[in-house]
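Here is the structure we will look at, set down as structure tokens.
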Amino acid sequence: INSSICSAGKYLKININKFMYLINTSDTGFKCSLMNRIKSMFYHAYNSYLDNAFPYDELRPLTCDGQDTWGSFSLTLIDALDTLLVLGNRTEFERVASLLQDTVDFDIDVNASVFETNIRVVGGLLSAHLLAGRAGMELESGWPCSGPLLRMAEDAARKLLPAFQTPTGMPYGTVNLLHGVSPTETPVTCTAGVGTFILEFATLSRLTGDATFENVARRALRALWKTRSDIGLVGNHIDIVSKKWVAQDAGIGAGVDSYFEYLVKGAIMLQDEELLNMFLEYDRAIQNYTRFDDWYLWVHMHKGTVSMPVFQSLEAFWPGLQSLLGNLDSAVRTFQNYYSVWRQFGGLPEFYSIPQGYTVDKREGYPLRPELIESAMYLFRATGDHTYLQLGLDALESIERIAKTPCGYASVKDLRDHQLDNRMESFFLAETIKYLYLLFDPTHFLHGGGTEGDGSWEEGGEGGQCVLGAGGFIFNTEAHPLDPAALYCCSRHTQDRRELRDILINLSQHDRQSKQPTKETEGPAPESIALKPGEKKTPPLLSCPVQPFSARLSILGQVFSDNT
Ligand code: DMJ
């Protein structure tokens, strides 16, 4: 990866012009130095976390120490793991993958956010598991349908399952990892906290063959869908037991954002029309009631009247999502609005009052969020327009200038005077830096379409190869890439195992029957196999017609030992 960025002539020839145009320089080393600056940014924060904060969840960049925030599972290290590979550091990726296996324990008496644990921990481990082949790690037989990081992800996700045991199927927001949901737990969950599971949970189910995870995520999504208002909108917080909307502001930002993101990405990853149709119906209402001059406001979910004419920095993922759906014109215009706010402040304030054109009281901070850079990455990929690279440069400069401390990068408390907070959220390494790097590296394997064998997985038998990465990657909402091809391969693998189980059951039943003589075996000749009128044909036990039985034996070699 390093060499493709900095020295491969073929690659530079394609991309130099874009950068000449952008930075007005003929120095081909500039691109290399830009990539290296992003890497330096990563390692400044990452090394500082390891030196001063590990095994705590987060680094405190002003006091140079650590703290537990979202749990007690070295969150920053889990969240940053796949970024190491994205930046090309295979050895550190491998070291940290095994360090985490040795040190992280989810059997702990900690109240954890179901949402955050899913997107950061389950998502981070799943993506690292899926990238382990590409990292050149030794893989256990059966990978990607099994492996130590997958087992860790499953372990973490199982701890979240008690939260879904509710009358509606919509989950509680918090769960104790040891004891389950507290009897005093509030039933009020934000919309994103109900609808942001399908990517990770379907991945888990399809890799492991245990449908439980996907089923609970789908049940929650369907329950939420039924609660939409007559005008087709959802609010911000819902009582997951009574299904009453507690906060009735409808919008695309905080509390809701990743619900919409997961309907779209879930539809793409799982080729699922039900999810896409849900999103499209929401989108009609969103465009109708909340969009004004390509800004998106907050409105009352039942009446459609404006409740908050505010832009929130979390909403900046939206143009990227629109570009995934092909709505480029609208995405570009909305991005321009948001980028104008970035230019005004050198970052995105958490809230921005659209009528006043200024920050909102107590919401002037910029905690180094990724969303605008994320959208820039998608839009640059879709359009090739250098505006998006310019945003990347602005972000790099701004973060270096405002947020860098001797010990890492600090959340900006107030964009007006650049006061800092003693916090570096794990998404800075998981998302912000990853998207920045990917923005400037359009040929990176994560941009999809790669069939270059690296990391491919031999399915075995006569079925041919299963090439990972062949269908591109879907990023979860914490920027952890998931590989749809792996889901497909492992679903087939599970199907094969089920078929084998059926064969074994059938054989053993047949064996028992043939040892106990019955009337049929002693009696008249068997009946004709022709169907009687009105009779339906039962499907054969083996419904996969192409492979000869000998090939099936070799696919399932662990189970049969061929002694002949
Ligand atoms: C991340 O944890 C995720 O992107 C989430 O969906 C929203 N907030 C942060 C980043 O801003």
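Computation of the quantities below employed the complete heavy-atom set of this structure, encompassing side-chain atoms and omitting hydrogens, waters and symmetry-equivalent molecules. One is the number of the first residue; the rest follow in order along the sequence. Bear in mind that the values here come from a model prediction, so they are computed numbers and not experimental data. Whatever order the structure lists ligands and atoms in, that order sets their numbers, starting from 1.
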Contact check, T196 vs ligand 1, heavy-atom distance below 4.0 Å:
no
Counting each atom of ligand 1 from 1 as listed, which ones have a heavy atom of L314 under 4.0 Å away?
7 (C), 8 (N), 11 (O)
Relative to the ring of Y46, is the ring of Y43 parallel (under 30°), tilted (30 to 60°) or perpendicular (over 60°)?
perpendicular
Residues D65, R60: salt bridge by 4.0 Å N-O rule
yes
Report yes if the distance between the aromatic ring centroids of F317 and Y378 is under 6.0 Å, otherwise no.
no
What part of R120, side chain, backbone, both or neither, has a heavy atom within less than 4.0 angstrom of ligand 1?
side chain
Between R218 and D272, is the closest basic N to carboxylate O distance under 4.0 Å?
yes
I need the atoms of ligand 1 closer than 4.0 Å to a non-hydrogen atom of E431, numbered in the order shown.
1 (C), 2 (O), 3 (C), 4 (O), 9 (C), 10 (C)
Protein contact to atom 2 (O) of ligand 1 [nearest heavy atom, distance to 0.1 Å]:
E478 OE1, 2.6 Å
In terms of heavy-atom contacts, A192 and S258 come closest through CB-OG, 3.5 Å
In terms of residue, atom name and distance, what is the protein heavy atom nearest to atom 5 (C) of ligand 1?
T477 OG1, 3.9 Å
Using distance alone, determine whether S258 and ligand 1 share an N or O pair under 3.5 Å.
no
Among all protein heavy atoms, pick out the one at the shortest distance from atom 10 (C) of ligand 1; state its residue, atom name and that distance to 0.1 Å.
E371 OE2, 3.2 Å
Measuring from the heavy atoms of E425, does anything fall under 4.0 Å of ligand 1?
no
Presence of salt bridge, K159 and D107, under 4.0 angstrom:
yes
Once salt bridge (charged side-chain N to carboxylate O under 4.0 Å, His left out) is applied, do any residues pair with R284, and if so which ones, sequence neighbours excluded?
none
Using a strict 4.0 Å cut-off to heavy atoms of P370, name the atoms of ligand 1 that fall inside it.
10 (C), 11 (O)
Salt bridge check, R37 against E397: does any charged N sit closer than 4.0 Å to a carboxylate O?
yes
Which segment of S313 sits under 4.0 Å of ligand 1 when only heavy atoms are counted:
neither
